[in-house]
Protein chains: 2
Amino acid sequence: MISGDMAIKILKKKNIRLTPQRLELINILSQGNKHWTAEELYHILNERMPSVSITTIYNNINLFCELDIVKEIQFGEGLSKYEWKKKDHYHIVCKLCGDMVDVWYPTLKEVEAVAESISKYKIRSHNLQFYGVCSQCEKQ
Amino acid sequence: MISGDMAIKILKKKNIRLTPQRLELINILSQGNKHWTAEELYHILNERMPSVSITTIYNNINLFCELDIVKEIQFGEGLSKYEWKKKDHYHIVCKLCGDMVDVWYPTLKEVEAVAESISKYKIRSHNLQFYGVCSQCEKQ
DNA sequence: GTCTCTGCAAACCGTTTGCAACGCA
DNA sequence: TGCGTTGCAAACGGTTTGCAGAGAC
């Protein structure tokens, strides 16, 4: 888990400009241990910086994903959330409200190995989500 | 794994009309042990039935999914494929061409149990895909 | 001063919706 | 004959693209 300052050093080293939008996004992402949609990040940033556009959010989270400081979580139906990069883990998603929590289960490396051995594929990664109903939604 | 004839009986029992489009779709899906996009099904059906529309494909695969005779496979970036319903299994997806093969690994029920025990979620299902490169694409 | 980045508008793409005409039962 | 289904066109929603002007360094 890297700090916001570390992320800024990575940008500087690559001669990527430190625009206010970029710095504020890093600030939001690196502080809260959460999962955001692009839209949510847009609204948070918009409060502090009313002129920001959704395009800038996408430009920058895509950049951060390439730099490996942010991770995209695709959880079905074309929906994505983004989280600050940390140790590998899985996610539980609430089918009703979309809320998401981390599951720190050991990475399924041996299942990957099995899948590779029984197929003609070179396996590079896997994607696992759990779907259910959170306690909030269950009450209602 | 049910037969096409079985599927037709299910439709009849529910008073769902046996239109030529519907019967031909069942025919395609139940015979080939494959994974199709809606677009692919549209093109196959279109050769035999030139007036068919993509709307009808979606209408019917969605109906078949509700009837539990077809399964939707969501594999990231909003892309879906569909397969004739069979015993639970996972999929390996080629990152380059989108080709997909089955993995008959035991269902991860104990991982679901772990995820449920460490969270406040009632877990109902999970979704696991492997991503890699198929042997065809590897050659190139 | 240069060249990357921003923000607007428009495009994209797979899928869904509204609806009038069609055709299965 | 009646009502479920089809197929067209338009809408949808999250994301990307093109581009002129802004601004980081």
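In what follows, chains are A, B, ... by sequence order, proteins preceding strands, each numbered from 1.
The two residues Ile2(A) and Trp84(A) have their closest heavy-atom pair at O-NE1, 2.7 Å. In terms of heavy atoms, Tyr82(B) sits closest to Val70(B) at CB-CG1, 4.0 Å. Heavy atoms only, all atoms of each residue included: Glu72(A) and Ser80(A) are closest at OE2-OG, 2.6 Å.
Comparing atom distances between the Arg22(B) side chain and each of dG7(C), dT5(D), dT15(D) picks out dT5(D) as nearest. For Ile16(B), whose side chain is taken as the heavy atoms from C-beta onward, the closest listed nucleotide among dT5(D), dG7(C), dT17(C) is dT5(D).
Tested against Asp102(A), the residues Lys34(A), Lys86(A), Lys71(A), Lys81(A) include a single salt bridge (charged side-chain N to carboxylate O under 4.0 Å, His left out) partner, Lys86(A).
Below the 3.5 angstrom threshold, one finds no donor paired with an acceptor across the side chain of Thr56(A) and the base of dC5(C). Not a single donor-acceptor pair, N or O on each side, falls under 3.5 Å between the base of dT5(D) and the side chain of Arg17(B).
Counting non-hydrogen atoms under 4.0 angstrom, Ser80(A) reaches the backbone sugars and phosphates but no base. As judged by a 4.0 angstrom heavy-atom cut-off over every strand, Ser51(B) is placed among residues touching the sugar-phosphate backbone only. Counting any heavy atom pair closer than 4.0 Å across all strands shown, Gln21(A) reaches sugar-phosphate atoms only and no base atom. When heavy atoms are screened at a 4.0 angstrom cut-off, Thr19(A) is found touching the sugar-phosphate backbone but no base atom.
For the pair Ile54(A) CD1 and dT6(C) C1', the interatomic distance rounds to 14 Å; values are reported in whole Å. With rounding to whole Å, Tyr42(B) atom OH is found 14 Å from dT15(C) atom P. Spacing between atom NZ of Lys12(B) and atom C1' of dC24(C) amounts to 13 Å, rounded to whole angstrom units. Distance Leu11(B) CG to dC24(C) P: 15 Å, rounded to the nearest Å. When rounded to the nearest whole Å, the span between OH of Tyr58(A) and P of dG7(C) equals 15 Å. Atom-to-atom, CD1 of Ile61(A) to C1' of dT15(D) comes out at 10 Å; the value is rounded to the nearest Å. The CG-C1' distance, from Asn59(A) to dG7(C), rounds to 9 Å in whole Å. Atom P of nucleotide dT15(D) and atom CH2 of Trp36(A) are separated by 16 Å, given to the nearest angstrom.
Nearest-nucleotide positions on DNA chain C for Pro20(B) and Leu79(B) put Leu79(B) closer to the 5' end. Taking for each of Asn15(A) and Gly78(B) the nucleotide of DNA chain C with the nearest heavy atom, the 5'-most of the two is the partner of Asn15(A).
Taking 4.0 angstrom as the limit, Asn60(A) places a side-chain polar atom (N or O) nearer than this to OP1 or OP2 of dT6(C).
The six-membered or imidazole ring of His126(B) lies near that of Tyr90(B), with a centre-to-centre distance under 6.0 Å.
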